[in-house]
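Below is one structure; the comments refer to it alone.
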There are 6 protein chains.
Amino acid sequence: MASFNHAEEHVDPDMIVLQANLDDMNPEHSSYVMDRLFEAGANDVYWIPIIMKKGRPGMMLNVLVSETKLGQMEAIIFRETTTLGIRYQKCTVHRLGRVMEQVETIWGSVTVKAGIYEGEVVQFAPEFADCERIARQAGVPLKQVYEEVRRKYAEQQGAQ
Amino acid sequence: MASFNHAEEHVDPDMIVLQANLDDMNPEHSSYVMDRLFEAGANDVYWIPIIMKKGRPGMMLNVLVSETKLGQMEAIIFRETTTLGIRYQKCTVHRLGRVMEQVETIWGSVTVKAGIYEGEVVQFAPEFADCERIARQAGVPLKQVYEEVRRKYAEQQGAQ
Amino acid sequence: MASFNHAEEHVDPDMIVLQANLDDMNPEHSSYVMDRLFEAGANDVYWIPIIMKKGRPGMMLNVLVSETKLGQMEAIIFRETTTLGIRYQKCTVHRLGRVMEQVETIWGSVTVKAGIYEGEVVQFAPEFADCERIARQAGVPLKQVYEEVRRKYAEQQGAQ
Amino acid sequence: MASFNHAEEHVDPDMIVLQANLDDMNPEHSSYVMDRLFEAGANDVYWIPIIMKKGRPGMMLNVLVSETKLGQMEAIIFRETTTLGIRYQKCTVHRLGRVMEQVETIWGSVTVKAGIYEGEVVQFAPEFADCERIARQAGVPLKQVYEEVRRKYAEQQGAQ
Amino acid sequence: MASFNHAEEHVDPDMIVLQANLDDMNPEHSSYVMDRLFEAGANDVYWIPIIMKKGRPGMMLNVLVSETKLGQMEAIIFRETTTLGIRYQKCTVHRLGRVMEQVETIWGSVTVKAGIYEGEVVQFAPEFADCERIARQAGVPLKQVYEEVRRKYAEQQGAQ
Amino acid sequence: MASFNHAEEHVDPDMIVLQANLDDMNPEHSSYVMDRLFEAGANDVYWIPIIMKKGRPGMMLNVLVSETKLGQMEAIIFRETTTLGIRYQKCTVHRLGRVMEQVETIWGSVTVKAGIYEGEVVQFAPEFADCERIARQAGVPLKQVYEEVRRKYAEQQGAQ
């Protein structure tokens, strides 16, 4: 039987999205900025390609984070990027319950993360790092590993 | 004379934008998700290409909808996509008045949708489906059909 | 009657496309690079947003130019961008015949550029700079200026 | 047992890619242009977002087609878009062998297209239209239909 | 010694972001719309490439502006674009203090704009127009001009 | 004095670009595919966001590689992605000479890679990994590390 390490489904009304438009930052620095923001507690960080003043190709940095961490995020963005301003807006996040489950395959055990919506599993995804490791060790295409893990997980669910 | 089927210009303060970042969904499913959301009452649905964690190319799903339909939209997004979370923010939408008018062309009648801002026509656009049908039936380039419809509409307006 | 300043439709088999992927250039410099390339004889210059090694957002510079100008283009790209390599491929360009014609509007004269395919006008477009000047001077929306110029041009064509 | 409707793996050295940069076409027309090109025999049609002269957001039309259909493709592009020039380059296409197979599910039969590389199935994908129909009729999420079809196909393969 | 023309770091809670999705506007008009919005007091204007209904490539216009200028921005967007609706949300902007300083180079004086975060210089950038002029007049790569200006600015800071 | 580990500037006419359009691959797999291609000898790998049939958001995989490695690249692409076809074209690559040089900073030694065009240094860039390590260890913004390394390198060059 599966052992659960789960978080309950909930709605969090105290999140913010920070945004900064960058048209003069070395794009090579973007992964570092992202890493720093995640390490400091960002829930999500992503980039949107945009077209800025005078038709310049730019990147918009987006950070989703709890309102309580606003100051820490701003400090990183102002120090590590080239922006002169940050804008932010409140937002609400509805998060599914999350359950981590082990699936046994011919190549060993893989963690699957499932998403629970109103008590029902609506998503599940094998952990990328587990599948990547197996694909390399077993010399099997990554997509085949995913396929097999998903198949085993579905079987396991059906058997409960 | 034109017959009107119009909606008045208005400001709607009770709209929301829902967003979900997807980095593990089969992109082939995106049109289906979009269709389902429109059928369930979304005012607009659109995708923004983004760059996510570990530099993965992802897609951000955006849904503009009345606040009263929040739950229905969430149910579709959680069931049909692979996201574990949805974020949303309130927004206000200012919509132009809309007037549908018939324009007679040498290929038959075409509907034109006009947008009214403070009592004045500021936009007008031939219906795509009408123009596409004519272009195919008459063997004329689509852009020529558009051009002709726009010209006739302008004439008709001038004559009133 | 219209006065013609035209070039004949032709196929040019001696063109090349140069490409360079940039992930560490200040995007602010991109318009300058583009200007320099056009001044030195590029037929077209455009940027494609790409995702590079380690998921970095980058820009691919593209230059379409006659093979005879390869060296001049390379000198500008190597000096003005941060790339360590340029790749290029031969290509053929099929260009429409081009005719410049004057169209009279209530706001003055506007140049229209038409494209001729096998003896027939298949495209025409008002010159952007003329329309922009009129829109500013007459206080009319730019799209209305375009619409009017296109209408007049079509009339003028019909009357010939 | 499966019945095969297959094409052999092969390398086709007589293909071309046509490209046209568009900065003044109504984007609404893009699906029509795409449809027309596919109907006339294009093997693939796709759009790349680009940044053009003066920083204008543009779209690059790409058509992959047999060299023998160059003229037909050009006629459609020159008539249906706003471009004044088309560029093209030769290219080689390596295509997998393709096998269509029927998979039985609890919701009925679904076609799966498999790709054969050096005699081995390396890809397989349920037909989108079949899955979409089932998802609507059975009221099941589309991704669940895909999952089930893929699972059944894998079982069927294993049993041979 | 440097002479200061500075603005203090501050947080402005009365900003709004206006957005309009455009799938039927001539992209050639986008720079004009941008210019008009900046002239009328927009703090920032940028475009995001999106995918709209029926898979159409579209552009999302974004305008960041003080809430007091909402009406003026809407008038320009409704008159100059093809949209039938504008949505907007409140947002807060945190702006760095700004200091303009002159830097002497072998090619003449260049303005550098520095950003001040909690009393400390965290960004600085040479003015693009100054550097572009020098690059052209002196026949030096633009990136070399930037490099030299940044080097001199850093020296100047160190010497204070 | 600097010690050189350099490669000469050269033109390589035997390169190819492979491309595959993907509209049904889990985007999460893209970094793995990229890693595998680099490990097998690709000179460059990058992704271009595209819009495919039925308006689906897709990704175009691009691989720049020596013609001699065509088969190895194809094997990886066919096994690890979902494509049914790969297209390729020959291209020529002009590569700058490359010189690695050590630069001493207050935080330790950093490698700088310089690009040599017709005997002259036209580019130089600090190694990302070195700068990232220093930024983390010294608690200094990454951009400040870059700035300092570039300044020291320029000084060192001037002194020779």
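Residue numbering restarts at 1 for every chain, and letters A, B, ... go by the order of the sequence lines.
In this structure, the side chain of Glu148(C) does not engage the main chain of Thr105(C) through any donor-acceptor pair within 3.5 Å. Remark: the backbone N or O of Gln102(C) is paired with a side-chain donor or acceptor of Gln156(C) at under 3.5 angstrom. In this structure, the side chain of Ser66(F) does not engage the main chain of Lys69(F) through any donor-acceptor pair within 3.5 Å.
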Show me the donor-acceptor pairs, under 3.5 Å and distance only, between side chains in residues 127-134 of chain C and residues at least two apart or in other chains.
{"residue": "Asp130(C)", "atom": "OD2", "partner": "Thr111(C)", "partner atom": "N", "Å": "2.8"}
{"residue": "Asp130(C)", "atom": "OD2", "partner": "Thr111(C)", "partner atom": "OG1", "Å": "3.4"}

Side chains of residues 40-53 of chain F: which donor-acceptor pairs under 3.5 Å do they make with residues two or more places apart or in other chains?
{"residue": "Asp44(F)", "atom": "OD2", "partner": "Asn21(C)", "partner atom": "ND2", "Å": "3.3"}
{"residue": "Tyr46(F)", "atom": "OH", "partner": "Arg87(C)", "partner atom": "NH2", "Å": "2.7"}

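Listed by sequence position, Val11(F), Val17(F) are the residues of residues 11-18 of chain F in contact with chain C, using a 4.5 angstrom heavy-atom cutoff.
When each of Gly115(F), Cys91(F), Ala125(F) is checked for heavy-atom pairs under 4.5 Å with chain C, Cys91(F) comes out on top. Between chain F and the options Lys90(C), Lys54(C), Arg56(C), Glu80(C), heavy-atom pairs under 4.5 Å are most frequent for Arg56(C). For the set Met60(F), Met59(F), Glu120(F), the count of heavy-atom pairs under 4.5 angstrom toward chain C peaks at Glu120(F). Chosen from Glu9(F), Glu118(F), Gln89(F), the residue pairing most often with chain C at heavy-atom distances under 4.5 Å is Gln89(F).
With a 4.5 Å cut-off on non-hydrogen atoms, Ile116(F) does not touch chain C at all. Using a 4.5 Å cut-off between heavy atoms, Thr92(F) contacts chain C through both its backbone and its side chain. Contacts of Ala20(C) with chain F are absent, with no heavy-atom separation under 4.5 Å from either backbone or side chain.
Contact annotation: the side chain of Arg98(F) approaches that of Leu84(C) to within less than 4.5 Å [non-hydrogen atoms, C-beta and beyond].
The ring pair (Phe, Tyr, Trp, His ring centres under 6.0 Å) test applied to Tyr117(C) returns Phe78(D), not counting sequence neighbours.
We find that Glu155(C) and Arg151(C) are joined by a salt bridge, their nearest charged nitrogen and carboxylate oxygen being less than 4.0 Å apart.
The nearest pair of heavy atoms linking Glu104(F) to Ser109(F) is OE2-OG, 3.3 Å.
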